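Chain identifiers are assigned alphabetically (A, B, ...) following the order of the sequence lines, protein sequences preceding nucleic acid strands; residue numbering begins at 1 within each chain. As the structure is a computational prediction, the values presented were derived from the model and not from experiment.
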Amino acid sequence: MLRRPVTDPTTIQLPAERHRLDNGLQVILHRDHRLPLVAVDLWYHVGSRDEQPGRTGLAHLFEHMLFQGSAHVGVNDHFRLVQQVGGVANGSTWYDRTNYYETLPAHALELGLWLEADRMGFLLEALTDEKLETQRSVVRNERRQRVDNAPYGRASEALFELLYPEGHPYRWPVIGTDEDIQAATRSDVEDFFRLYYAPGNAVLTLAGDFEPSRALDLAARYFGDLRGERAPTRPTAALPRAAGQSRRALQDQVALERIYIGIVTPPISHPDWNVLAVLTEALVGGKSSPLQQDLVHRRQIAQDVSAYLYPTELAATWLLVATAKPNGDGDALEANLLDHVRQLADRGLSEDDVARGRQRLLAAALADFETVDRKAELLCQGTTYFDDPARAVRDLAETEAVSLDRVRDAARTWLEPDRCSIVRVVPATEPAGTA
Amino acid sequence: VIDRRTPPALGQAAVSRFPTIDRGSVAGVELRLARQADSPFVSLSWVALAGGERDPRGSEGRATLTASTLDEGTSRSSSSEIAARVERLGGAIGSTADWDAGYLRIEVLARDVAAAFELVGEVLLDPVFPEPEIDRLRRQRLADLQALRERPSAIADVALSRAIYGPATYGRLLGGTEATLSQLGRADLQAAHRELWLAQGLCLVAAGAVTREAVEAWLEGLLGGTKLAATNASLPAPTVPPPSDGRRVILIDRPNAAQSELRIGHLGVARTHPARSQLQVLNAILGGKFTSRINLNLRERHGFTYGAFSRFTGRRHAGPFSVSAAVANPSVGAAVREVLAEMDRIRQQPVDPEELSDARDYLIGVFPYTIQTAADLAGRLEDLAQFGLPDDEVDRHLQRIATTSAADVQAAALSFLSPDDACVVAVGPASELRPQLADFGTLTEVAVGELFS
């Protein structure tokens with residue numbers, strides 16, 4: 001089949017100005033006039049991987065505290081001020097980073113900068129025990145909603161304990177354990193802020209409808225006099241390589257068995273990451289992909305099948321997930337999944353499948369470039385992880401160049417079925433819940 | 001040194017309007033198009049008045065099964081060939097149905113629009129509903145039904161609909177049950193396609209880098225010889241839910257659940273109700289945004305939940321009003337009390353002027369953010385098309401929001417919120433919840449199995 005490039009990749013750009021204030025804060029500016037909007041995205045290079053065992057979940061609990069007001073912003077005022085101009089705001093915590101963002105009507109850019117600067121500079125003045133207690137309760141409910149009271153909710157925690165050895169910073173879940181969320185103290189929160197929430201550990205991206213010189217002036221005005229310590233050296237870890245297969249069965253109150261197959265692959269900075277991304281999309285992306293066709297359509301032994309490649313800095317988890325049919329044969333489904341993984345290395349995928357995988361990733365990237373909030377996120381990610389705001393554009397070119405041979409080589413190198421970790425969530429014989 | 005004590009003064013907000021909608025009509029099919037010349041994408045969507053509201057009693061699931069089988073084979077292309085034709089271009093095709101309509105959607109890169117035209121034309125006009133694909137999708141749905149019975153949030157949603165609507169249309173399962181699906185056959189789906197999809201009321205919605213001229217030229221070639229069925233002239237009348245007779249509590253036992261799913265709701269209003277804009281302001285203040293009364297109360301004041309939200313679901317006939325939250329087991333009774341009190345308070349007292357302007361400004365100001373992509377625009381056009389709303393409806397809706405007063409909000413609350421007639425649904429450990437819920441109304445315990453059959 002003819003390869004058709006999405007468009008000429010050299011015409012896809014994400015042009016951005018890059019500045020660094022004296023206090024180390026990086027400021028990335030990208031103009032987009034199509035709508036009167038501006039995205040303000042602030043990434044701190046700290047995440048759950050910087051936590052200590054016994055204090056897991058602290059980065060995420062801390063993220064909640066950043067919405068509880070600062071010296072000049074009242075307790076519910078962050079959301080109130082953003083929403084009253086028609087903005088949206090949120091934050092998210094991940095293994096490697098934490099971010100805070102607002103997408104605002106363009107005329108409210110200065111409001112976003114004022115809000116973000118206030119909590120970067122003056123959070124602790126407004127921190128109280130009462131606020132911490134309330135958010136601890138909110139976060140424990142968030143964990144129950146996402147993990148403990150969700151079907152299959154505990155599967156990925158079990159899988160990551162198989163994939164990552166004791167002491168590896170990806171071993172524990174981003175949201176933390178319920179025990180650790182309860183144990184976090186106010187001084188833990190204060191220390192976390194002092195250590196990590198410094199201008200030199202952050203990237204501020206503005207994307208949207210603004211005049212860059214004015215935006216830079218405003219950023220300098222609100223952030224320029226903030227000071228902070230240099231962030232501590234971050235924990236790193238060698239890429240874990242499993243000696244053999246490992247597995248665990250979990251009983252859960254579910255109707256259909258689900259199988260999780262995971263393997264540790266190299267980090268997002270590794271040249272094979274984009275290759276594995278194409279492989280993943282080629283394998284299960286879309287109804288016409290080989291795994292959907294074989295397991296869901298032809299044999300009909302899976303209710304659904306999906307795969308993920310984590311965009312993480314120390315190692316990238318590759319995950320293949322399939323749900324069995326009612327009273328289905330979980331052993332057969334697992335064997336089929338592993339056989340497909342084996343075939344990636346043996347016979348490889350077809351040229352059509354790899355071309356489809358590339359094309360779907362390129363179209364997804366173009367869709368990302370359609371919204372100012374997503375562009376701001378990509379610029380932050382590129383700068384934070386790669387010291388390269390336009391990394392997303394380079395990823396497009398690399399994706400476009402991924403060949404059939406490279407996909408097979410990456411599968412041979414990284415996706416060895418004999419080194420997989422497998423978690424099977426099976427319907428509980430008794431309604432067991434989490435007790 | 002700068003003064004950080006007060007938020008910066010802001011300039012004037014730009015006025016945003018919905019893009020101009022191009023209209024056309026070809027062979028009885030109404031076209032609505034929002035051109036976004038610089039988009040890399042084109043979104044096309046056939047909208048047919050073929051929603052679940054038209055499923056005959058006992059044939060629930062016909063609309064969704066028809067829609068999901070529509071793109072599973074034509075006389076020229078198999079299911080996998082259809083998918084492959086669009087997926088190798090980086091595009092996607094899919095068809096689905098809700099209560100009000102059926103939708104056949106495709107999104108492709110702008111340069112592939114010719115392929116999209118060809119494919120969605122073929123799929124709309126020439127589906128063959130292959131038996132093996134019907135069987136497969138029916139089995140998928142039956143397995144989904146089993147999975148839903150173990151998903152607390154899904155159980156709560158179904159229980160609330162059942163409590164509000166009883167045997168009326170919206171109280172049934174849109175996707176059907178084991179009993180109704182087992183007797184739906186290929187002939188039923190073919191008839192639904194012939195009578196409801198290729199029928200008057202069919203609309204085409206287009207957004208992105210495409211012109212009206214191009215779409216019309218294609219439609220003329222495609223539909224030149226097609227005669228649309230007339231059966232859509234009369235849409236089904238609403239099936240009326242039983243009158244409410246005081247507050248009711250429905251409890252569904254999940255003995256070891258780590259948390260409870262809570263829903264509080266009652267009958268709401270139709271999508272096209274004249275008070276819809278005022279209701280959106282009311283709902284924003286009550287439970288429709290992060291800084292709403294219900295979320296600040298349950299989450300930020302009490303820490304009962306990760307989040308609590310309310311909504312008036314818009315459908316052709318009166319959809320539900322509902323409040324949703326996942327709540328810590330010991331706090332369920334207290335959470336119910338707070339929600340009912342908030343519903344009552346917004347009826348009894350006018351909202352504060354600042355709360356009102358915050359809500360209005362939020363709803364108006366957030367609008368451009370919600371129409372950034374071709375798919376966003378296509379979604380808006382689908383809504384207008386299926387309810388026959390005028391092209392300027394979005395702008396008029398925003399204007400009505402801007403002029404909604406505190407008295408309007410209170411009047412809407414008095415007319416459309418009924419805390420004393422609400423249904424309270426909780427899915428969690430019954431032994432722990434029963435004593436907490438006893439005071440709120442007649443308590444009925446329902447088995448999960450009853451809800452999904």
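In this structure, A/Gly87 and B/Tyr362 approach most closely via the heavy-atom pair O-CE1, 3.6 Å. Residues B/Ala13 and A/His107 share a closest heavy-atom pair of CB-CE1, 3.2 Å. The shortest heavy-atom contact between B/Ala143 and A/Leu256 is O-CD1, 3.9 Å.
To the nearest 0.5 Å, atom OH of residue B/Tyr369 and atom CG of residue A/Leu35 are 12.5 Å apart. Note that the CZ atom of B/Arg88 and the CZ atom of A/Arg358 stand 13.5 Å from one another [nearest 0.5 Å]. Atom-to-atom distance recorded for B/Phe367:CZ and A/Leu37:CG is 11.0 Å, nearest 0.5 angstrom.
For B/Glu178, the CD atom counts as loosely surrounded, since its 6.0 Å shell holds 12 or fewer non-hydrogen atoms of other residues, nucleotides or ligands. Crowding of B/Arg17 atom CZ: a count of heavy atoms from other residues, nucleotides or ligands under 6.0 Å not exceeding 12. Within 6.0 Å of CG in A/Asp217 there are more than 12 heavy atoms belonging to other residues, nucleotides or ligands.
Panel note: side chain B/Asp358, backbone A/Gln84; no donor-acceptor pair is recorded below 3.5 Å. Judged by distance alone, with hydrogens and angles left aside, the side-chain atoms of A/Glu370 form no donor-acceptor pair with the main-chain N or O of B/Ser39 at under 3.5 Å. A/Asp148 contributes no side-chain N or O that, together with a main-chain N or O of B/Ala258, makes up a donor-acceptor pair within less than 3.5 Å. In this structure a side-chain-to-backbone donor-acceptor pair under 3.5 Å is missing from A/Gln145 to B/Ala326. Looking only at distances, no side-chain donor or acceptor of A/Glu142 sits under 3.5 Å from a matching main-chain atom of B/Tyr306. Between the side chain of B/Gln372 and the backbone N or O of A/Val372, at least one donor-acceptor pair lies under 3.5 Å. A donor-acceptor pair is defined here as one N or O able to donate and one able to accept, closer than 3.5 Å; no such pair exists between the side chain of A/Gln253 and the backbone of B/Glu150. Although no hydrogens or angles enter the test, the distance criterion places a donor-acceptor pair under 3.5 Å between the side chain of A/Asn141 and the main chain of B/Ala328.
Contact annotation for B/Arg151: both backbone and side-chain heavy atoms come within less than 4.5 Å of a heavy atom of chain A. Contacts between A/Val138 and chain B at a heavy-atom distance below 4.5 Å involve backbone atoms as well as side-chain atoms. Neither the backbone nor the side chain of B/Glu81 comes within less than 4.5 Å of any heavy atom of chain A. Within the 4.5 angstrom heavy-atom criterion, atoms from both the backbone and the side chain of A/Leu111 approach chain B. Looking at A/Ala89, there are no atoms closer than 4.5 Å to chain B (heavy atoms on both sides), in backbone or side chain. No part of A/Ala324 comes within reach of chain B, as not one of its non-hydrogen atoms sits under 4.5 angstrom from that chain. Heavy-atom distances place both the backbone and the side chain of B/Asp71 under 4.5 Å from chain A. For a residue to count as touching a neighbouring chain, one of its non-hydrogen atoms must lie under 4.5 Å from one of that chain's; by this rule A/Arg34 touches chain B with the side chain only. Only the side chain of A/Gln68 comes within less than 4.5 Å of a heavy atom of chain B; its backbone N, CA, C and O stay farther away. Proximity to chain A involves both the backbone and the side chain of B/Ser80, based on heavy atoms less than 4.5 angstrom apart. Proximity to chain A is absent for every atom of B/Val86, based on heavy atoms less than 4.5 angstrom apart. Neither the backbone nor the side chain of A/Ala106 has a heavy atom closer than 4.5 Å to any heavy atom of chain B. With a 4.5 Å cut-off on non-hydrogen atoms, B/Asp376 does not touch chain A at all. When heavy atoms are compared at a cutoff of 4.5 Å, A/Gln135 approaches chain B solely by way of its side chain, counted from C-beta outward. Neither the backbone nor the side chain of B/Glu355 comes within contact range of chain A; no heavy atoms are under 4.5 Å apart. Interface remark: A/Val75 contributes no atoms to any contact with chain B (heavy atom separation under 4.5 Å).
Each of A/Gly286, A/Pro427, A/Ala39 has some count of heavy-atom pairs under 4.5 Å with chain B, and the biggest count is that of A/Gly286. Between chain B and the residues A/Arg144, A/Arg80, A/Arg146, A/Gln303, the largest count of heavy-atom pairs under 4.5 Å involves A/Gln303. Of the residues considered (B/Glu133, B/Arg149, B/Arg254, B/His302), B/Arg254 shows the highest number of contacts with chain A, using heavy-atom pairs under 4.5 Å. Here B/Leu296 is the residue among B/Val108, B/Ile93, B/Leu298, B/Leu296 with the most heavy-atom pairs under 4.5 Å with chain A. Among B/Ala14, B/Ala84, B/Ala284, the residue with the largest count of heavy-atom pairs under 4.5 Å with chain A is B/Ala84. Of the listed residues (A/Asn90, A/Asp353, A/Asn76, A/Thr103), the greatest number of heavy-atom pairs within a distance under 4.5 Å of chain B belongs to A/Asn76. Comparing B/Ile364, B/Thr373, B/Thr305 by how many heavy-atom pairs each has under 4.5 Å with chain A, the most go to B/Thr305. For the set B/Gln36, B/Lys289, B/Arg85, B/Glu107, the count of heavy-atom pairs under 4.5 angstrom toward chain A peaks at B/Lys289.
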Practice item. Would you sort out whether A/Gln300 and B/Arg136 count as a side chain to side chain donor-acceptor pair (under 3.5 Å), showing the intermediate values? Key: CA-CA 8 Å; A/Gln300 298 181 33; B/Arg136 178 177 59 77; 5.6 Å; no
Check your understanding: What do the steps show when you test A/Arg143 against B/Gln259 for side-chain contact (heavy atoms from CB on, under 4.5 Å), and what is the final call?
Key -> CA-CA 10 Å; A/Arg143 188 188 148 87; B/Gln259 194 178 42; over 6 Å; no
Practice item. Please step through side-chain contact (heavy atoms from CB on, under 4.5 Å) for the pair B/Leu109 and A/Leu366, ending with a clear verdict. Key: CA-CA 9 Å; B/Leu109 295 172; A/Leu366 282 176; 3.5 Å; yes
Point to revise | Residues B/Arg4, A/Asp225; criterion salt bridge (charged side-chain N to carboxylate O under 4.0 Å, His left out); working and verdict | key: CA-CA 12 Å; B/Arg4 297 182 183 272; A/Asp225 63 351; 2.7 Å; yes
Point to revise | Steps toward side-chain contact (heavy atoms from CB on, under 4.5 Å) verdict (A/Val85, B/Asp361) | key: CA-CA 6 Å; A/Val85 297; B/Asp361 293 346; over 6 Å; no
Review point. A/Lys287 and B/Ser79: side-chain contact (heavy atoms from CB on, under 4.5 Å), yes or no, with the steps?
Key: CA-CA 9 Å; A/Lys287 199 155 89 176; B/Ser79 162; 4.0 Å; yes
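A 4.5 Å side-chain heavy-atom check between A/Thr134 and B/Arg301 finds every atom pair outside the cut-off. Contact of the B/Ser331 side chain with the A/Ser137 side chain is not registered, since no non-hydrogen atoms from C-beta on lie closer than 4.5 Å. When side chains are defined from C-beta on, B/Pro40 does not count as touching A/Phe369, because their heavy atoms never get closer than 4.5 Å. Within the 4.5 Å cutoff, no side-chain heavy atoms of A/Pro105 are placed close to those of B/Pro368.
Here A/Lys131 does not pair with B/Glu300 in a salt bridge; the nearest charged N to carboxylate O distance is not below 4.0 Å.
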